[in-house]
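First the structure, in the form of structure tokens, and then the observations on it.
Reminder, nothing fancy here: chain letters follow the sequence lines and each chain counts from 1.
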Amino acid sequence: MVRQLWLLDIALEIEDGKPIAWLWCKDSLGETYVVKKEYSPNFYIVGDVVEEIVAFLKTHGYRVEEVSRKIRGRSVKAVKVYVNVEDVESIAKKIIKNMKNVEVYEEDVRPSIKFLLENRVKPSGDIIVHESMFKEQGSLKIIETDKVEYAGVSTLPPLKIMSLDFVYYSEAGSPRPERDPVILISLITSSGEKIQLSGDEKKILREFVEIVERDDPDVFVSFSSNRLHWNYLQERARRHGLRLTIGRLSSEPHTSIHGHVSIRGRINIDLEDMAKDIPELTVETLEEFVDYLGLKLELDTVEEWEVAETWKKNPERVKKYSMQKAEALLKCFEVLKEYIFSLSELTGIPADYVLTASTGFRVENYLMYLAVELGELIPKKPEITPTPYVGGLVKSPEPGLHKDVAVVDFRSMYPSLMIKYNISFDTLSDDGEYVSPNNYRFKKEPEGFLPRALKTLIEERRKIQQKLRTLDPNSTEARVLDARQRAIKVISNAIYGYTGWAGARWYTREVAEATTSWGRHVIMESMKKASELGMKVIYSDTDSLFLQNYTGKIEKFLKWIEEDLGLEAKLEKIYKMVIFTEAKKKYAGITSESIIDIVGLEAVRGDWSYIAREAQRDTVKTLLETGNVHEALKISKNYIKKLINREVELRKLIIWKQITRSLDEYEATQPHVNVARQLVQEGWKIQPGDKVGYIIVKGSGPLYKRAKPYFKVHPEEVDWDYYIEKQVAPACLRVLEPLGVKIEELKSIGGTSLMDFF
DNA sequence: TGTAGGCATCCATACCTGTCGCT
DNA sequence: AGCGACAGGTATGGATGCCT
């Protein structure tokens with residue numbers, strides 16, 4: 001019998017000493033299957049004397065195969081060695097110990113991933129299973145097979161989703177599993193039932209496990225579970241002599257790669273992983289995430305530092321918030337699921353941890369599929385110290401206010417150049433016909449590995465976009481396709497960067513360097529051409545041009561780019577007015593549709609106080625909408641007045657900064673580092689990646705001594721002067737100064753200098 | 001287990017210079 | 001006059017978060 005099933009996750013399990021691939025699947029009715037297929041992990045040996053190696057291995061009882069493969073496009077003979085163990089790496093090491101002049105390949109690729117690569121199947125897609133044995137074990141259907149094929153993407157099967165929120169009780173600092181109990185679990189089951197467990201901890205945990213077993217969800221959705229919750233719960237359970245058997249077949253969670261916790265047979269989605277990936281978010285909380293997704297949800301936030309106190313005084317508030325979070329998580333997942341599964345199918349990384357994997361690994365996994373298809377061996381990560389190379393070209397802007405400016409962008413410049421000049425690790429050659437401006441050479445033929453990958457991606461995206469135009473944008477199909485085209489874009493845009501990443505298996509600096517050098521060449525030629533056509537280049541960054549006096553010329557320019565450069569460029573927008581300072585990568589403009597863009601300035605930086613950002617945004621808005629410097633100056637002054645009168649809420653004074661390393665690795669004591677150290681002293685857990693919020697208070701000495709955790713600050717102790725002098729005034733002045741406003745004008749209020757106040 | 005480089009900006013810190021008090 | 005302490009100014013580089 002043949003079945004078509006949706007692949008949810010893969011694991012390699014050892015049964016009776018044999019490695020078996022377990023494919024966790026769903027059918028179109030939502031039934032759960034385990035498809036079992038024997039699998040021999042394997043690796044390759046490449047050397048001069050293939051016959052000898054084969055003979056040697058055969059006498060030692062290994063199953064071997066002599067095969068033709070490629071290394072960076074060059075054909076080689078290789079020996080494929082099958083080993084029936086999970087730990088391929090150490091056995092490979094042992095086998096080649098006494099061999100000379102050999103190289104080993106793919107012993108470091110995880111067997112479960114290799115199973116997928118070699119069988120050409122992708123998670124979050126449909127597989128065709130030729131069944132040789134079928135049995136039922138409880139509600140689980142088990143199939144044994146010796147053949148699976150890939151059927152591609154199809155509609156999602158019905159999945160049972162459970163969303164979760166956990167609350168712990170800690171009197172001082174962050175909760176610690178060795179000390180502080182779980183006091184509340186809020187969850188929504190797949191049937192929509194809302195449950196809150198509180199009271200005796202042992203009872204809570206036991207009930208939780210029971211509910212999971214009964215409901216048997218396919219997906220867990222939570223926030224911070226990889227970093228915190230699963231390990232915490234497991235430790236608490238252990239203390240009560242319980243096992244946290246929330247995985248299928250009564251298994252416990254276990255920590256896997258990429259800092260991810262894996263739960264057998266289920267997809268464990270931690271939306272915090274996704275939040276961390278979104279650059280628009282500054283503090284990466286669930287609240288911010290919900291907001292970013294445009295979901296209008298009410299969350300009556302109880303912050304971490306006030307949980308214990310609130311629980312004592314008003315437990316209902318904590319309960320309400322916790323359930324609101326569980327509801328929000330469910331809604332987020334609804335919006336995001338298409339994207340998550342698309343990204344999983346495209347890259348071949350199981351949905352379970354595709355969010356945890358970094359961009360580099362997503363790209364790499366995608367490339368590994370192509371490698372197997374083309375017979376290219378997967379190289380190891382290089383052991384090198386990366387040498388920096390030159391990137392994009394940025395032209396200094398002309399400071400001041402400019403009217404009527406057209407912005408022209410090259411469309412995916414780096415991918416296009418890589419395709420155009422066949423830039424790839426396997427075409428790099430001293431006798432290549434394409435010579436980059438910095439003198440690297442690439443062969444014209446055959447088509448390179450990376451250009452091929454890029455073409456495939458771009459072509460698929462083009463097809464999807466074409467299809468999308470015929471669909472109702474609100475239909476399910478449109479949502480799925482849109483998610484997929486976004487996933488494709490992410491991967492194709494990251495391929496250039498991947499080649500310059502020292503952690504990449506296919507790291508090739510020449511490729512990255514040649515790409516940017518062609519990029520600089522193209523933008524310089526374009527600036528020249530624009531000037532020749534009579535336009536004025538106000539500013540340019542990497543692949544964009546800001547042009548004045550463009551009427552009747554820009555069409556010619558775009559045509560020239562297409563015909564003479566063989567690239568695509570687009571008139572992205574027109575600014576009715578745009579303001580530049582002396583600095584690169586910072587400007588603000590108002591488009592022909594009257595939309596205000598603020599780029600690079602303090603107003604869009606998460607490490608400035610809200611009040612400074614608000615003041616600058618307001619000033620810029622007035623400036624661009626009225627074109628009146630005096631009006632804008634008035635706005636700025638108003639903000640300063642508000643600070644003088646102490647009429648600003650404390651939360652607008654918080655400055656958030658990220659902790660990027662362990663606290664003892666810092667050479668310089670910065671305010672947020674000092675605050676973090678204080679918090680750690682008080683029992684708070686602070687890890688790299690955490691954001692610390694502080695307010696500057698009155699006092700003497702260096703700034704870092706005057707920074708205090710925001711939730712401990714009283715209005716009387718705030719150093720208002722700091723917020724005027726170092727936050728609001730500089731931010732406003734940044735955009736006013738290029739228009740001739742002097743600092744004294746900003747600070748003189750009602751004829752007297754502001755200085756008189758202090 | 002980090003796609004890339006280019007850039008501005010703030011602030012701590014090291015260093016430099018001039019002044020002053022003391023011998 | 002010579003020396004050291006110290007204040008004040010300046011150059012440098014660590015750190016962060018943005019842009020394309």
| task | Could you please name the option among C/dC19, C/dA15, B/dC10 that lies closest to any side-chain atom of A/Val604? | result | C/dC19

| task | Could you please name the option among B/dA12, C/dA15, B/dG6 that lies closest to any side-chain atom of A/Tyr666? | result | C/dA15

| message | Without decimals, in angstroms, what is the distance between A/Glu284 CD and C/dG17 P? | response | 9 Å

| query | Any N or O donor-acceptor pair linking the side chain of A/Lys585 to the base of C/dC19 at under 3.5 Å? | reply | yes

| remark: Between CG of A/Asp664 and C1' of C/dG14 the distance, given in whole Å, is 16 Å

| Given B/dT1, B/dG6, B/dC7, the nucleotide with the shortest approach to the side chain of A/Phe361 | B/dT1

| field | Six-ring centre of A/Phe557, A/Lys529 cation under 6.0 angstrom, axis tolerance 45° | value | no

| message | Is the distance from the ring center of A/Phe425 to that of A/Tyr507 below 6.0 Å? | response | no

| note | To the nearest angstrom, the CG-C1' distance between A/Asn438 and B/dA4 comes to 15 Å

| Around atom NZ of A/Lys698, are there more than 12 heavy atoms of other residues, nucleotides or ligands at under 6.0 Å? | yes

| field | Residue-phosphate contact under 4.0 Å: A/Gln670 side-chain N/O, C/dG14 OP1/OP2 | value | no

| note | Atom CZ of A/Arg734 and atom C1' of B/dC10 are separated, to the nearest Å, by 10 Å

| query | Looking at the side chain of A/Lys726, which of B/dT9, C/dC19, B/dC11 is the nearest nucleotide? | reply | B/dC11

| Mind checking the C1' distance from C/dG17 to B/dT1? Whole angstroms is fine. | 22 Å

| message | Taking any heavy-atom pair under 4.0 Å as a contact, classify A/Gly503: base, sugar-phosphate, or nothing. | response | nothing

| Can you check whether A/Arg362 has a side-chain N or O nearer than 4.0 Å to OP1 or OP2 of B/dG2? | no

| message | Please pick, from B/dA12, B/dC10, B/dA4, the nucleotide with the shortest atom-to-atom distance to any side-chain atom of A/Tyr389. | response | B/dA4

| Can you check the A/Met418 CE to B/dT3 C1' distance for me, whole Å? | 11 Å

| request: Using a heavy-atom cut-off of under 4.0 Å over every strand shown, decide if A/Val673 touches base, sugar-phosphate, or nothing. | output: nothing

| said: Measure CG/A/Leu281 against P/C/dC18 and give the value in whole Å, please. | reply: 11 Å

| message | Within the 4.0 Å heavy-atom criterion, would you say A/Gly497 contacts the bases, only the backbone, or no part of the nucleic acid? | response | base

| task | Report which part of the nucleic acid A/Tyr587 touches: base, sugar-phosphate, or nothing (heavy-atom distance under 4.0 Å, all strands). | result | sugar-phosphate

| task | Tell me which nucleotide among B/dA12, B/dC10, B/dT3 gets nearest to the side chain of A/Ser358. | result | B/dT3

| query | Counting side-chain heavy atoms from C-beta on, which of C/dC18, B/dA12, B/dT3 comes nearest to A/Arg605? | reply | C/dC18

| query | Does any non-hydrogen side-chain atom of A/Val511 lie less than 4.5 Å from one of A/Tyr440? | reply | no

| message | Quick one, A/Ile278 and A/Tyr292 - any side-chain contact, counting heavy atoms below 4.5 Å? | response | yes

| task | Establish, yes or no, whether the cationic atom of A/Arg509 lies under 6.0 Å from the six-membered ring centre of A/Tyr389 and within 45° of the ring axis. | result | no

| task | Using a heavy-atom cut-off of under 4.0 Å over every strand shown, decide if A/Arg661 touches base, sugar-phosphate, or nothing. | result | sugar-phosphate

| query | If you check every side-chain atom of A/Ala583, which of C/dC19, B/dA8, B/dG2 has the closest atom? | reply | B/dA8

| query | Within the structure, does a side-chain N or O atom of A/Thr669 lie under 4.0 Å from either OP1 or OP2 of B/dA12? | reply | no

| query | Nearest to the side chain of A/Val394, which nucleotide is it out of B/dC7, B/dT3, B/dA12? | reply | B/dC7

| A/Leu601 CG to C/dG17 P, straight-line distance once rounded to whole Å | 17 Å

| request: Look at all strands and tell whether A/Thr499 reaches a base, only sugar-phosphate, or nothing, counting heavy atoms closer than 4.0 Å. | output: nothing

| OP1 or OP2 of B/dC11 under 4.0 Å from side-chain N/O of A/Tyr722 | yes

| task | Would you classify A/Lys381 as touching base, sugar-phosphate or nothing, given that sugar-phosphate means primed atoms plus P, OP1 and OP2, and contacts are heavy atoms under 4.0 Å? | result | base

| said: From the set C/dG17, B/dC10, C/dA15, return the single nucleotide nearest to any side-chain atom of A/Glu667. | reply: C/dA15

| field | Test: A/Arg484 and A/Glu345 ion pair at under 4.0 Å | value | yes

| message | Distance check needed: B/dT9 P versus A/Leu733 CG, whole Å only. | response | 12 Å

